[in-house]
Q: 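Dropping the structure in here first, questions after.
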Amino acid sequence: MKNLLEKLSAEKFQRVSLSVQKENLAAVKLYKKLDFKIFSENEFEYIMIKKFYSR
């Protein structure tokens with residue numbers, strides 16, 4: 001996952017999003033550790049976004 005995020009950043013992507021089941025606590029914790037933020041949610045899942053910044 002880190003390699004993918006580094007490649008997206010290097011390719012000048014502004015953001016990346018994903019969905020994760022709320023009950024998958026290990027995945028939610030991992031994505032938060034990788035600086036994903038919860039953008040929205042419904043009964044079953046979170047939509048999470050990570051923004052890349054210019055360097």
Side-chain angles (χ1 to χ4, degrees):
M1 177 63 95
K2 285 184 180 181
N3 290 339
L4 173 62
L5 295 174
E6 288 171 4
K7 184 170 183 166
L8 292 173
S9 180
E11 293 290 329
K12 308 289 190 227
F13 279 74
Q14 293 180 359
R15 71 184 78 73
V16 62
S17 64
L18 54 82
S19 64
V20 61
Q21 297 294 309
K22 286 182 173 182
E23 64 188 29
N24 190 345
L25 300 178
V28 172
K29 183 177 177 179
L30 170 66
Y31 297 139
K32 285 183 175 183
K33 186 176 179 180
L34 293 170
D35 293 325
F36 280 83
K37 308 292 184 219
I38 296 172
F39 177 75
S40 66
E41 63 182 281
N42 61 38
E43 184 177 350
F44 303 106
E45 68 183 356
Y46 295 120
I47 304 300
M48 300 182 82
I49 292 181
K50 176 178 175 67
K51 293 181 180 180
F52 300 108
Y53 301 98
S54 319
R55 299 172 197 239

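Treat the numbers as computed from the prediction; the structure is a model and nothing was measured.
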Q: Say you draw a straight line from CG of Leu4 to NZ of Lys7; how long is it, rounded to the nearest 0.5 Å?
A: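 Atom-to-atom, Leu4:CG and Lys7:NZ are 8.5 Å apart.
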
Q: Find the distance between CD1 (Ile49) and CG (Asp35) and round it off to the nearest 0.5 Å.
A: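 Taking CD1 in Ile49 and CG in Asp35, the distance rounds to 13.5 Å.
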
Q: Where is the tightest heavy-atom contact between Leu34 and Lys50, given as atom of each residue plus distance?
A: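 Taking every non-hydrogen atom into account, O-NZ, 3.1 Å.
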
Q: If hydrophobic clusters are built from ILVMFWY residues whose side chains come within less than 4.5 Å, do Val16 and Phe13 share one?
A: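 Yes, one cluster joins them.
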
Q: Where is the tightest heavy-atom contact between Glu41 and Tyr46, given as atom of each residue plus distance?
A: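 Closest heavy-atom pair between Glu41 and Tyr46: CB-CD2, 3.7 Å.
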
Q: Going by atom type alone, with no hydrogens or angles, which donor-acceptor pairs under 3.5 Å involve a side-chain atom of residues 24-32 and a protein atom two or more places apart or on another chain?
A:
unit_1, atom_1, unit_2, atom_2, d
Asn24, OD1, Ala27, N, 3.2

Q: State, to 0.1 Å, how close Phe52 and Leu5 come at their nearest heavy-atom pair, and which atoms those are.
A: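 Looking at all heavy atoms of both residues, the closest pair is CE2-O, 3.5 Å.
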
Q: Kindly give the heavy-atom pair with the smallest separation between Glu43 and Lys22, and that separation in Å.
A: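 Where Glu43 meets Lys22 most closely, the heavy atoms are O-CD, 3.8 Å.
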
Q: Could you go through the side-chain contact (heavy atoms from CB on, under 4.5 Å) check for Leu18 and Met48 one step at a time?
A: CA-CA 5 Å; Leu18 54 82; Met48 300 182 82; 3.9 Å; yes

